[in-house]
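Only a predicted model underlies this, so the values are computations on that prediction, with no experimental measurement involved. Proteins get letters first, then strands, A, B, ... in listed order; numbering begins at 1 in each.
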There are 2 protein chains.
Amino acid sequence: MSCTETLRDQGYRMTPQRRMILTTIHNSDHHISADEIYEQVHAKYPQVNISTVYRTLELLKELGLVTETDLGGGRFRYHSVEKGHHHHLVCRKCGRMFELDDSALQPLEGVLLRKYGFKADLSHLAVFGNCVECRR
Amino acid sequence: MSCTETLRDQGYRMTPQRRMILTTIHNSDHHISADEIYEQVHAKYPQVNISTVYRTLELLKELGLVTETDLGGGRFRYHSVEKGHHHHLVCRKCGRMFELDDSALQPLEGVLLRKYGFKADLSHLAVFGNCVECRR
DNA sequence: TTAAATGCAAACGCTTTGCAATTGA
DNA sequence: TCAATTGCAAAGCGTTTGCATTTAA
């Protein structure tokens with residue numbers, strides 16, 4: 001089902017603003033923040049308002065089209081659900097981010113569930129530390 | 001070395017406000033936020049200002065007496081370094097936080113190092129999800 | 001004595017909200 | 001048509017800052 005259909009199905013409308021916001025999130029190669037989305041959309045259509053971005057993100061979360069992650073830094077970051085889950089290794093020295101596949105985290109997920117009864121949501125986890133190169 | 005000595009050593013002063021803030025953090029049974037500290041201190045000494053709390057926290061971080069952690073929820077939380085490291089399971093439904101001991105994370109730490117050459121800093125990690133009770 | 005620390009008020013950055021005007025279906 | 005959506009401006013919240021006053025050493 002397309003995004004437009006998902007929206008309409010729930011009684012919402014597809015608007016140019018929503019289309020641009022969706023495209024921006026989808027084309028982003030990283031977890032993007034509200035104001036990064038705003039900057040990009042605003043560059044093309046200056047009349048678009050930041051509050052529309054926030055309201056749209058709220059809606060897209062609700063519809064399950066986008067995930068919101070708190071990666072620190074005092075702002076939320078957003079990611080297209082279609083593009084799937086992945087985790088990050090964030091180097092504190094050089095700032096680079098490395099992708100980490102699920103398999104490394106499954107043991108942890110299992111331990112938390114068995115030992116603590118806690119169903120961890122490890123989608124988009126960020127682990128901070130130092131990368132190979134910076135450790136040399 | 002006492003906190004007072006640590007302060008003086010670096011040319012800072014021990015003030016009643018700083019003493020109260022330190023005591024509050026040290027007596028807290030959880031990772032406490034700036035406004036929780038403020039509430040407690042303010043209850044005893046109403047003239048104390050929130051900006052003093054923030055400035056003191058900044059200083060205590062610098063001196064390595066207190067750690068600042070981003071556990072989500074849009075506010076930082078503080079913890080006495082003396083009381084040591086631990087991790088958290090944060091329930092997204094009820095908001096409760098559970099302590100998690102190091103042993104659950106050591107396998108992950110090992111995998112990241114061996115497989116990715118990444119030295120993870122897992123002190124004060126926060127894992128989000130749903131707790132036993134909220135999963136019923 | 002005097003630099004460090006405080007209280008106060010105002011500003012900050014990110015996010016939310018009320019409301020009148022606009023617009024998609 | 002008309003409820004959903006928007007832009008705008010203002011407010012909310014946690015945090016920071018400038019400045020005149022107070023205070024620890």
Side-chain angles (χ1 to χ4, degrees), chain A residues 2-22 24-25 31-63 65-66 68-78, chain B residues 2-22 24-25 31-63 65-78 95:
Chain A
S2 75
C3 292
T4 306
E5 285 166 338
T6 305
L7 283 167
R8 294 216 179 124
D9 248 46
Q10 314 281 332
Y12 300 109
R13 297 172 183 167
M14 178 52 84
T15 65
Q17 290 91 335
R18 286 179 181 170
R19 208 184 310 280
M20 290 189 285
I21 292 166
L22 271 163
T24 305
I25 296 170
H31 286 228
I32 194 171
S33 68
D35 66 277
E36 284 169 342
I37 296 169
Y38 173 68
E39 285 307 324
Q40 290 189 38
V41 173
H42 188 255
K44 286 183 99 174
Y45 298 85
Q47 81 285 3
V48 171
N49 195 272
I50 185 80
S51 63
T52 301
V53 174
Y54 280 108
R55 280 190 282 230
T56 300
L57 289 170
E58 185 63 35
L59 179 62
L60 298 177
K61 267 194 291 174
E62 227 174 277
L63 296 176
L65 297 173
V66 152
E68 180 186 77
T69 322
D70 186 349
L71 295 177
R75 72 187 60 188
F76 289 116
R77 298 191 161 271
Y78 301 87
Chain B
S2 76
C3 292
T4 304
E5 284 167 341
T6 306
L7 282 167
R8 294 214 180 128
D9 247 46
Q10 313 282 332
Y12 300 109
R13 297 172 184 168
M14 178 53 83
T15 65
Q17 290 92 333
R18 287 180 179 169
R19 208 184 311 279
M20 290 188 286
I21 291 166
L22 271 163
T24 305
I25 296 170
H31 285 227
I32 194 170
S33 67
D35 65 277
E36 285 169 342
I37 296 169
Y38 173 68
E39 285 308 324
Q40 290 188 38
V41 173
H42 188 255
K44 285 183 100 173
Y45 297 86
Q47 82 285 4
V48 172
N49 194 271
I50 185 81
S51 64
T52 301
V53 173
Y54 280 109
R55 280 190 282 229
T56 300
L57 290 171
E58 186 63 34
L59 179 63
L60 298 178
K61 267 194 291 174
E62 227 174 277
L63 296 177
L65 297 173
V66 152
T67 58
E68 178 187 76
T69 322
D70 186 349
L71 296 178
R75 72 188 58 189
F76 288 115
R77 297 191 162 271
Y78 301 87

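Across all non-hydrogen atoms, the minimal contact from B:I50 to B:A34 is CD1-O, 4.2 Å. Contact record, B:V48 with B:Y38: O-CE1, 3.3 Å, taken as the closest heavy-atom pair. Annotation for B:H31 and B:R77: closest pair O-NH1, 2.7 Å, computed over non-hydrogen atoms.
Each of B:T4 and A:R18 lies near DNA chain D, and the nucleotide nearest A:R18 is the one positioned closer to the 5' end.
The distance from atom CD1 of B:I37 to atom CE of B:M20, rounded to the nearest 0.5 Å, is 12.5 Å. For the atom pair CD1 (B:I21) and CD (B:Q40), the distance works out to 11.5 Å, reported to the nearest 0.5 Å. Between atom OH of residue A:Y78 and atom CG of residue A:L57 there is a gap of 5.0 Å, rounded to the nearest 0.5 Å. Taking CG of A:L59 as the start and CD of A:Q10 as the end, the distance is 9.0 Å to the nearest 0.5 Å.
Per the geometry, CZ belonging to A:R77 stands 10 Å off P belonging to C:dC14, to the nearest Å. Rounded to an integer number of Å, the gap from B:E62 CD to C:dA5 P is 11 Å. Between B:Y12 atom OH and C:dT6 atom P there is a gap of 12 Å when expressed in whole angstrom units. Rounding to whole angstrom units, CD of residue A:E36 and C1' of C:dG13 are separated by 15 Å. Straight-line distance from the CG atom of A:L7 to the P atom of C:dT23: 19 Å, rounded to whole Å. Atoms OH (A:Y38) and C1' (C:dT15) sit 14 Å apart, rounded to a whole Å. Computed from coordinates, the B:R75 CZ to C:dC14 P distance equals 18 Å when rounded to whole Å. Computed from coordinates, the A:Q10 CD to C:dA25 P distance equals 15 Å when rounded to whole Å.
First and last contacting nucleotides of DNA chain D toward chain A (any atom under 4.0 angstrom from a heavy atom, 5' to 3' order): D:dA3 to D:dC8.
Inter-axis angle, ends of the helix from C:dT1-D:dA25 to C:dA25-D:dT1, five pairs per end, rounded to 10 degrees: 30°.
Under the rule for a side-chain hydrogen bond (donor to acceptor under 3.5 Å, both in side chains), the partners of A:R55 that lie at least two apart in sequence or sit in another chain are A:S51. Remark: A:R13 pairs with no residue by the side-chain hydrogen bond (donor to acceptor under 3.5 Å, both in side chains) rule, at least two apart or across chains. Under the salt bridge (charged side-chain N to carboxylate O under 4.0 Å, His left out) criterion, B:E58 pairs with B:K61, not counting sequence neighbours.
Near-neighbour residues of DNA chain C inside residues 41-59 of chain A, defined by a heavy atom below 4.0 Å, number-ordered: A:S51, A:Y54, A:R55.
B:R13 comes within 4.0 angstrom of a base, heavy atoms only.
Each of A:L60, A:T4, A:T56 was checked for a side chain to side chain contact (heavy atoms under 4.5 Å, CB included) with A:L22, and the lone residue meeting it is A:L60.
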